[in-house]
*Asks:* 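This structure is in structure tokens; I'll ask about it shortly.
What you see is a predicted model; the values in this text were computed from it and never measured.
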Amino acid sequence: MASHTTEVDLEGVLRRALRATGTGTRWAAEADEMWCRVATRAGVRREQGWKLHVSATVASAPEVLDRALGVLLRGESGFKFARSLEQVGVLNSRATPRGSSGKFITVYPCSDAEAAALAERLHAATAGMAGPRILSDQPYAVRSLVHYRYGAFVGRRRLSDDGLLVWFIEDPDGNPVEDKRTGRYEPPPWAVSPFPAVTTPAPSRTGEGDGGRVVLGGRFAVREAIRHTNKGGVYRGSDVRTGAPVVIKEARPHVEADASGSDVRDWLRAEARMLDRLTGLGLAPEALALFEHGGHLFLAQDEVPGVTLRTWVAEHFRDAGGARYRADALLQVARLVDLVEAAHARGCVLRDFTPANVMVRPDGELRLIDLELAVHTDEASLPTRVGTPGFSAPERLADAPVRPTADYYSLGATACFVLAGKVPNLLPEEPAGPAAEQRLAAWLTACAGPLDLPDGVVEMVLGLMRDDPAERWDPVRAREALRKATRTATGSVAVGPAAVASQAVEPDVGSVVAGLVEHLIGSMTPDDDRRLWPVSTMAGESDPCTVQQGAAGVLAVLTRYFELTGDPRLPEVLSTAGRWIAGRADARSPRPGLHFGGRGTAWALYDAGRAVDDRALTDRALALARAPQQATPHHDITHGSAGSGLAALHLWQRTGDARWAEFAVEAADRLTAAVRRGPDGVGWAVPAEAVDPDGGSSEDASAGGGKRYLGFAHGTAGIGCFLLAAAAVSHRPAHRELAVRVGEGLVASAVLSGEAAQWPAQAGDLPTAPYWCHGSAGIGGFLVRLWQATGDDRFGDLARRSTRAVAERASRAPLTQCHGLAGNGDFLLDMADATGDPAYRSMAGELARLIVCEKTDRRGQVVFPNEYGDVSTSWSDGSAGILGFLLRMRYAGTPRHWTVQPPA
């Protein structure tokens with residue numbers, strides 16, 4: 001048997017198997033960071049079909065691979081396997097998406113008959129060994145490591161209606177169908193399974209008296225799922241004996257398994273023990289039962305009414321407003337201090353104390369939940385590398401011994417989250433720069449004034465979050481600091497334009513701009529056919545040429561920088577990037593829209609070619625912009641007619657060619673014809689079958705259609721902004737009237753909280769965050785333009801109130817354009833330009849200061865984290881969008897990207 005240590009070389013297992021079977025000359029292997037791919041030298045792989053997956057744990061992987069190779073190397077079907085035990089651990093992690101978890105070995109059978117034969121042999125070879133269930137597949141047999149699904153064998157992708165790249169297969173008629181990779185086995189209807197039917201144990205159900213609900217452990221009826229993750233589900237239900245509400249937590253076998261065989265089931269057992277220790281103390285739920293069902297482990301506990309602290313922070317800030325929220329937040333911080341101190345007094349070290357693991361009851365009292373990593377000081381602990389970045393102490397994530405001081409750090413981070421709405425993501429610097437606590441202090445100091453934090457509170461947070469565990473404040477000292485706070489927390493927050501202007505000094509963004517440009521130049525990879533610049537794909541991967549997440553967004557910002565500075569390095573960079581984009585952009589049938597469409601790409605290409613006097617690039621850009629566009633269900637700026645029309649207006653202004661004005665007017669006419677008018681105003685519905693680009697499906701808002709968004713990116717505000725600009729060219733009253741009607745609808749939908757104006761994503765919903773995409777920053781940007789065009793003070797007043805919403809949320813915001821400080825700062829600069837009031841520029845300076853405090857220096861380059869903690873260069877969620885805003889701060893009067901100025 002192969003060794004079960006993490007030193008095992010899985011590629012070495014392959015080499016030994018090739019020698020042992022004498023098949024080394026028939027097979028070729030190549031490896032990347034994640035996979036070792038093996039194929040016969042003369043083999044031809046099918047493009048789709050039934051494929052096999054074999055799971056394993058870190059402990060079983062070497063032997064599972066050895067046994068599987070004994071089957072696979074005698075055949076002709078290609079396969080791949082995770083190349084290291086570290087990667088096996090990643091595949092089996094609790095954080096791995098359910099659609100891809102557990103797939104240690106993937107086999108691409110030569111035929112359906114071969115698939116069935118290989119599955120039988122692999123099942124026999126690996127029977128009785130350990131490995132997790134693969135949720136996207138059907139197990140070959142009960143408790144088999146071998147699974148199968150129908151899907152793509154090769155990497156074929158296409159753009160969805162939302163402009164995101166998705167894997168696809170073809171139906172029998174040759175039509176593309178998305179190859180969905182979810183946590184559920186869902187074969188396409190035309191695919192006939194060649195495998196024997198599997199009889200899986202059905203969950204136990206009660207009789208007719210309770211409606212046939214699923215009952216776990218013979219006692220707990222499941223009502224709904226709270227969430228599903230790779231480690232298992234969390235469910236709400238009831239105790240059929242008492243009727244009391246319960247929460248049931250599930251642990252799947254072999255998830256997060258280590259070399260010793262421990263997995264998340266051991267975590268759940270540890271949580272049950274901890275809940276037993278805390279019984280009757282009012283600190284945590286009461287454990288009711290720990291039991292197995294269908295091979296999975298479950299823990300039932302009484303349900304704590306209320307919401308998580310993370311949800312409370314978001315909802316209470318939205319509902320209470322800044323002044324009331326501050327007072328309540330300080331009270332919650334005091335309760336958090338008491339909660340940690342009480343847990344430690346009972347010998348409980350929490351190890352994962354976060355806003356998601358604390359419940360706020362309706363009476364405001366707090367309870368601990370999800371104690372799976374908690375340990376008692378007198379018992380052996382599970383490995384401690386697992387935690388929550390940003391909230392777990394640095395030494396905790398480095399497998400340090402269990403100490404209460406790590407909980408002090410988490411207490412400080414959680415208090416920071418309650419007071420400021422987030423914990424800054426301070427990425428490691430290269431070479432090491434200022435200590436993390438110094439960088440955190442700079443950020444908290446920048447937040448303290450606008451947040452109106454009482455004296456001593458910032459010092460308390462910093463004391464709890466000291467880098468050195470021995471220097472961290474304990475709960476006793478933290479409580480004393482709260483008591484000594486000298487300022488009241490009940491006054492109004494000083495975030496208005498006049499207050500900011502009286503005290504703000506614009507940050508020096510010059511060095512940050514230079515470092516960002518160094519990063520964008522240094523990270524360009526023109527030899528890579530897939531991506532010119534690195535971007536995050538956490539929200540989905542888009543066309544590599546577009547504005548939103550592709551090369552066009554970066555190209556546009558570097559072009560602007562060259563126009564402002566004349567940097568001699570940039571002409572070659574712009575030409576190289578332009579040629580890369582021009583060679584890959586779809587000029588036959590481009591998608592509509594500005595941020596996801598071909599005309600946005602053409603906009604960036606044309607401006608770059610014009611800046612470096614490259615006629616080939618400008619010609620290519622104009623050809624791309626003229627090409628017939630694909631049909632789309634969208635009307636908005638990002639994906640639809642409004643965005644295409646806005647790009648046409650820009651090209652008309654750049655070229656003077658009247659055909660571009662005609663394109664813009666045609667887009668305005670289409671929008672005028674497609675508008676829906678009703679008692680609640682005008683709007684353009686996203687069809688029910690379309691998917692919301694920000695996540696989730698667009699369910700019908702009424703019998704007559706789908707969602708009708710209000711915001712700039714996907715809704716009426718962006719469409720109205722285009723119509724207003726188009727009306728100045730078309731001189732058609734219908735276009736201007738429709739833009740005004742959009743504005744009136746936004747006036748009616750505004751939600752006023754104190755001096756701040758907010759909007760829901762859709763009329764009638766609760767207000768959303770004040771970002772460019774759906775909220776106040778984007779809507780306010782349209783309303784201030786409408787105020788300039790009409791002189792109607794209703795629009796101007798709401799635009800000014802939008803600045804208050806932006807300022808109040810500044811400490812809570814990510815850094816980026818679409819959902820964050822860069823887009824919000826651009827709106828404030830728009831207000832400064834439109835009103836002539838320098839106070840708005842000062843407010844934008846405060847946002848720039850917060851951005852600068854989260855910068856990371858890496859060998860002369862500056863990078864920033866996006867919403868997911870990744871380093872991305874894109875316009876929407878990365879460095880390019882941040883640079884676009886900071887350039888406007890550095891060079892006053894610089895116009896905003898992706899907007900057009902009214903004709904003189």
Side-chain angles (χ1 to χ4, degrees), residues 94-95 249 267-268 270-271 273-275 277-278 281-285 301 304 306-313 329 331-361 364-377 379 381-425 436-437 440 460-467 469 472-479 482:
R94 62 174 182 168
K249 300 181 67 175
W267 298 6
L268 199 60
E271 180 172 3
R273 291 194 299 272
M274 185 54 65
L275 292 180
R277 287 181 179 270
L278 299 178
L281 300 177
L283 297 178
Q301 51 193 254
V304 178
V307 297
T308 66
L309 182 61
R310 178 177 291 277
T311 300
W312 182 88
V313 167
L331 177 59
Q332 290 293 41
V333 171
R335 287 170 170 160
L336 289 168
V337 172
D338 291 343
L339 190 66
V340 171
E341 185 179 44
H344 286 180
R346 272 73 181 181
C348 174
V349 180
L350 300 169
R351 299 207 303 172
D352 196 25
F353 186 73
T354 76
N357 291 345
V358 176
M359 289 291 291
V360 183
R361 290 167 45 94
E365 294 298 320
L366 306 181
R367 296 290 185 272
L368 297 165
I369 60 170
D370 289 344
L371 293 170
E372 57 192 16
L373 295 182
V375 295
H376 197 270
T377 52
E379 66 182 6
S381 65
L382 297 169
T384 63
R385 288 180 182 270
V386 177
T388 304
F391 293 93
S392 294
E395 73 275 9
R396 257 271 297 115
L397 298 176
D399 207 12
V402 174
R403 297 284 188 274
T405 50
D407 286 351
Y408 301 163
Y409 184 98
S410 300
L411 172 60
T414 302
C416 178
F417 182 86
V418 171
L419 295 167
K422 78 171 186 180
V423 178
N425 193 339
E437 62 187 58
L440 176 63
M460 178 202 71
V461 172
L462 293 173
L464 289 165
M465 297 181 70
R466 292 281 173 81
D467 291 335
R472 289 179 194 145
W473 291 16
D474 61 17
V476 174
R477 189 173 179 184
R479 183 185 299 106
L482 284 173

*Asks:* What is the minimum heavy-atom distance between Leu275 and Ala284, and which atoms define it?
*Replies:* CD2-CB, 3.8 Å
*Asks:* Quick one: pull up CE in Met359 and OG1 in Thr311 and give me the separation to the nearest 0.5 Å.
*Replies:*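 The CE atom of Met359 sits 8.5 Å away from the OG1 atom of Thr311.
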*Asks:* As an exercise, state the distance from CE of Met274 to CG of Leu350, rounded to the nearest 0.5 Å.
*Replies:*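 Reported to 0.5 Å precision, the distance equals 8.0 Å.
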*Asks:* Restricting to non-hydrogen atoms, name the atom on Thr405 and the atom on Pro469 that form the minimum distance, rounded to 0.1 Å.
*Replies:* CG2-O, 3.6 Å
*Asks:* Check whether Arg361 reaches the backbone of Gly306 with its side chain - one donor and one acceptor, N or O, closer than 3.5 Å.
*Replies:*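 Flag not set: sc Arg361 to bb Gly306 has no pair under 3.5 Å.
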*Asks:* So, taking the atom named CG in Leu419 and the one named CD in Gln332, what distance separates them when rounded to the nearest 0.5 Å?
*Replies:* 10.5 Å
*Asks:* Tell me if a side-chain donor or acceptor on Arg479 pairs with a main-chain N or O of Ala334 at a distance below 3.5 Å.
*Replies:* no
*Asks:* Between Val402 and Thr377, is any pair of side-chain heavy atoms under 4.5 Å apart?
*Replies:* no
*Asks:* Can a donor-acceptor pair be found, under 3.5 Å and without considering hydrogens, that links the side chain of Asp407 to the backbone of Val340?
*Replies:*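 It does not hold such a pair.
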*Asks:* With a 4.0 Å cut-off on N to O distance, would you call Glu395 and Arg403 a salt bridge?
*Replies:*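 Salt bridge: no.
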*Asks:* I'd like to know whether Val358 forms a side chain to side chain contact (heavy atoms under 4.5 Å, CB included) with Ile369, so could you lay out the CA-CA distance, the side-chain angles of the two residues, the decisive distance to 0.1 Å, and finally the verdict.
*Replies:* CA-CA 6 Å; Val358 176; Ile369 60 170; over 6 Å; no
*Asks:* Taking the side chain from Glu271 and the backbone from Leu371, do they hold a donor-acceptor pair closer than 3.5 Å?
*Replies:*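 It does hold such a pair.
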*Asks:* So that I can tick it off, tell me whether Asp352 and Arg396 are bridged by a salt bridge, with the cut-off set at under 4.0 angstrom between side-chain N and carboxylate O.
*Replies:* no
*Asks:* Can you name the closest pair of heavy atoms from Met460 and Ala415 and give their distance?
*Replies:* CE-CB, 4.3 Å
*Asks:* What heavy-atom pair brings Ala356 and Thr308 nearest, and what distance separates the two atoms?
*Replies:* O-CG2, 3.9 Å
*Asks:* Do Phe353 and Leu336 come close enough that some side-chain heavy atom pair is under 4.5 Å?
*Replies:*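 In short, these two side chains touch, coming nearer than 4.5 Å.
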*Asks:* Measuring from atom CZ of Arg367 to atom CG of Asn357, what distance do you get when rounded to the nearest 0.5 angstrom?
*Replies:*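 The CG atom of Asn357 is 15.5 Å from CZ of Arg367, to the nearest 0.5 Å.
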*Asks:* Between Ala342 and Leu283, what is the shortest heavy-atom contact and its length?
*Replies:* CB-CD2, 3.8 Å
*Asks:* Checking Tyr408 against Arg477 for the side chain to side chain contact (heavy atoms under 4.5 Å, CB included) test, could you report, in this order, the C-alpha distance in whole Å, the side-chain angles of both residues, the deciding distance, and whether it holds?
*Replies:* CA-CA 11 Å; Tyr408 301 163; Arg477 189 173 179 184; over 6 Å; no
*Asks:* On a heavy-atom basis, which atom in Ser410 and which in Ala393 lie closest, and how many Å separate them?
*Replies:*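 What the structure gives for the nearest pair is OG-N, 4.4 Å.
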*Asks:* Side chain to side chain contact (heavy atoms under 4.5 Å, CB included), that's the test. Do Glu341 and Val476 meet it? Break it down for me.
*Replies:* CA-CA 8 Å; Glu341 185 179 44; Val476 174; 3.3 Å; yes
*Asks:* Could Arg310 and Phe417 be counted as a cation-pi pair, given that NZ or CZ must be under 6.0 Å from the ring centre and within 45° of the axis?
*Replies:*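 Yes, Arg310 sits over the ring of Phe417.
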*Asks:* For residues Gln301 and Lys249, determine if any side-chain heavy atom of one lies less than 4.5 Å from a side-chain heavy atom of the other.
*Replies:*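 Contact flag for Gln301/Lys249 side chains = yes.
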*Asks:* Taking atom CG of Asp370 and atom OG1 of Thr354, what is their separation to the nearest 0.5 Å?
*Replies:*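 The CG atom of Asp370 sits 8.0 Å away from the OG1 atom of Thr354.
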*Asks:* Roughly how far, to the nearest 0.5 Å, is OH of Tyr409 from CG of Asp467?
*Replies:* 7.0 Å
